[in-house]
Every structure is written in structure tokens, then in C-alpha cells.
J.: 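Pasting a structure here, questions to come.
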Amino acid sequence: MSNLPLWEVGKVGSAVASPSSSPPTTSPVCISRTFTCKNFPSALSCLNLVGAICENLSHHADLHLVSYRDVVLVIYTHSVGGVTENDLELARAIDEEVKVNYSPKWLKEHPEASYTSAVPKPKE
Ligand SMILES: C[C@H](O)[C@H](O)[C@H]1CNC2=NC(N)=NC(=O)C2=N1
């Protein structure tokens, strides 16, 4: 997305399957952000920060931690089945407030995410 460069528009369930106990009846449009953390504790603490922002805004992202350190954040408005201004506000807050301890290899391959990194960019 142009004003949220780390987020992609897609369909719920395309990035990560939903648990079978709560399959979506339709497939709402959503925005998602995917990244690889340095390790499992880094991914977990990042999700805790995201969770606190969700609670503060009373708007809740789907939080996925897969393959030990891969994080997928999925946001859409359940009541509407699509993306609203509330979703964009949450995504902006996450990008501004959550500093991620990324996998160095992932960050090197995704320099556009540097402004959300907990580790300052090394001088060249
Ligand atoms: C009552 C409460 O405000 C609603 O259930 C909220 C909670 N968090 C929510 N989060 C998201 N992402 N979509 C919603 O429709 C939604 N609804």
C-alpha cells in the first residue's frame, strides 16, 4: 500500500490458514504485514507490543507466529468484512510504535523496513 509500504492488501486466509474452529464464512479483504524476527522471544515480545496497541485502540489484529520466528499480522474489520479507516489507523500505530528485532538476513533483504527496526542501521 502506498502510504503503508510494509502492508499488503489480500484476502483473509491467504497468508495463514484460520483454525478450523472458526473458518471465515466469506473471505474478507484485509491488509497484512509479514516479517522474520531474530528469534522466538523477539517475535513473542513484538506480538505483545502489537497486542497492547490493539487493546488501546479497541481494534484487534489477527496475530500469527509461525515457523518459530515468522510473524504475520492481519488486519480487517470483522463487522464489515473489509478494510476500514480503523484498520489503517492500527497499522500506522504498529509501524510507528513497535520496534522489531528482525533477523539480520531478513532486514538486509527488506531495507524498506529499516525504520521499524530496533537495531540502528550501521554506518556505511
Ligand atoms: C465490541 C467491539 O468493539 C468489537 O467487537 C470490535 C473489537 N475489535 C475488533 N477488531 C477488528 N479488527 N474488527 C472488528 O470488527 C472489531 N470489533
Side-chain angles (χ1 to χ4, degrees):
M1 294 185 75
S2 57
N3 53 350
L4 288 166
L6 306 181
W7 295 81
E8 284 177 24
V9 179
K11 293 281 191 129
V12 172
S14 56
V16 176
S18 293
S20 56
S21 58
S22 58
T25 46
T26 56
S27 192
V29 174
C30 66
I31 53 172
S32 67
R33 184 179 148 195
T34 302
F35 50 88
T36 302
C37 292
K38 191 175 172 77
N39 50 33
F40 183 75
S42 299
L44 211 48
S45 69
C46 156
L47 289 187
N48 275 312
L49 293 172
V50 170
I53 293 171
C54 292
E55 266 303 279
N56 278 341
L57 294 179
S58 298
H59 201 64
H60 301 88
D62 293 1
L63 310 178
H64 305 270
L65 200 182
V66 293
S67 299
Y68 128 76
R69 58 180 185 158
D70 290 342
V71 170
V72 184
L73 308 175
V74 178
I75 308 180
Y76 65 104
T77 298
H78 313 153
S79 53
V80 167
V83 176
T84 66
E85 184 51 42
N86 289 341
D87 302 304
L88 303 179
E89 182 190 0
L90 176 57
R92 275 193 292 269
I94 291 169
D95 287 358
E96 279 168 22
E97 295 172 35
V98 179
K99 295 301 168 215
V100 182
N101 197 5
Y102 289 116
S103 142
K105 179 172 181 283
W106 186 91
L107 187 57
K108 207 171 178 185
E109 291 164 358
H110 299 84
E112 70 281 6
S114 300
Y115 74 102
T116 58
S117 171
V119 180
K121 227 178 165 181
K123 286 196 183 130
E124 286 169 17

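Whatever order the structure lists them in is the order used to number ligands and atoms, beginning at 1.
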J.: Test Trp106 against Lys108 for side-chain contact (heavy atoms from CB on, under 4.5 Å), laying out the working first.
T.: CA-CA 5 Å; Trp106 186 91; Lys108 207 171 178 185; over 6 Å; no
J.: Return yes when at least one protein heavy atom is under 4.0 Å from atom 1 (C) of ligand 1, and no when none is.
T.: no
J.: Under 4.0 Å from atom 17 (N) of ligand 1, is there any protein heavy atom?
T.: no
J.: Between Asp95 and Thr116, do the side chains contain a donor N or O and an acceptor N or O under 3.5 Å apart?
T.: no
J.: Heavy atoms, side chains only, cut-off 4.5 Å: are Ile31 and Leu88 in contact?
T.: yes
J.: Among all the protein's non-hydrogen atoms, which is closest to atom 3 (O) of ligand 1, and how far away is it?
T.: Ser58 O, 4.5 Å
J.: For Cys54, run the side chain to side chain contact (heavy atoms under 4.5 Å, CB included) check against Leu73, Leu90, Ile75, Leu49 and tell me which one passes.
T.: Leu90
J.: Does one hydrophobic cluster hold both Leu57 and Val80, with members joined at side-chain heavy-atom distances below 4.5 Å?
T.: no
J.: List ligand 1 atoms under 4.0 Å from Thr77, heavy atoms only on the residue side.
T.: 13 (N), 15 (O)
J.: Quick one: look up the protein heavy atom nearest atom 13 (N) of ligand 1 and list residue, atom name and how far away it is.
T.: His78 N, 3.2 Å
J.: What I want to check is whether the side chains of Ser42 and Asn39 have a donor and an acceptor closer together than 3.5 Å.
T.: yes
J.: Take atom 11 (C) of ligand 1 and look for protein heavy atoms under 4.0 Å from it; say yes if you find one, no if not.
T.: yes
J.: Following the transitive rule for hydrophobic clusters with a side-chain heavy-atom cut-off under 4.5 Å over Ile, Leu, Val, Met, Phe, Trp and Tyr, establish whether Val119 and Phe35 coincide in one cluster.
T.: no
J.: Are any of the N/O atoms on Asp87, whether in the backbone or the side chain, positioned under 3.5 angstrom from an N/O atom of ligand 1?
T.: no
J.: Specify the protein heavy atom at minimum distance from atom 7 (C) of ligand 1: its residue, its atom name, and the distance to 0.1 Å.
T.: His60 ND1, 3.5 Å
J.: Do you see a protein non-hydrogen atom under 4.0 Å from atom 5 (O) of ligand 1?
T.: no
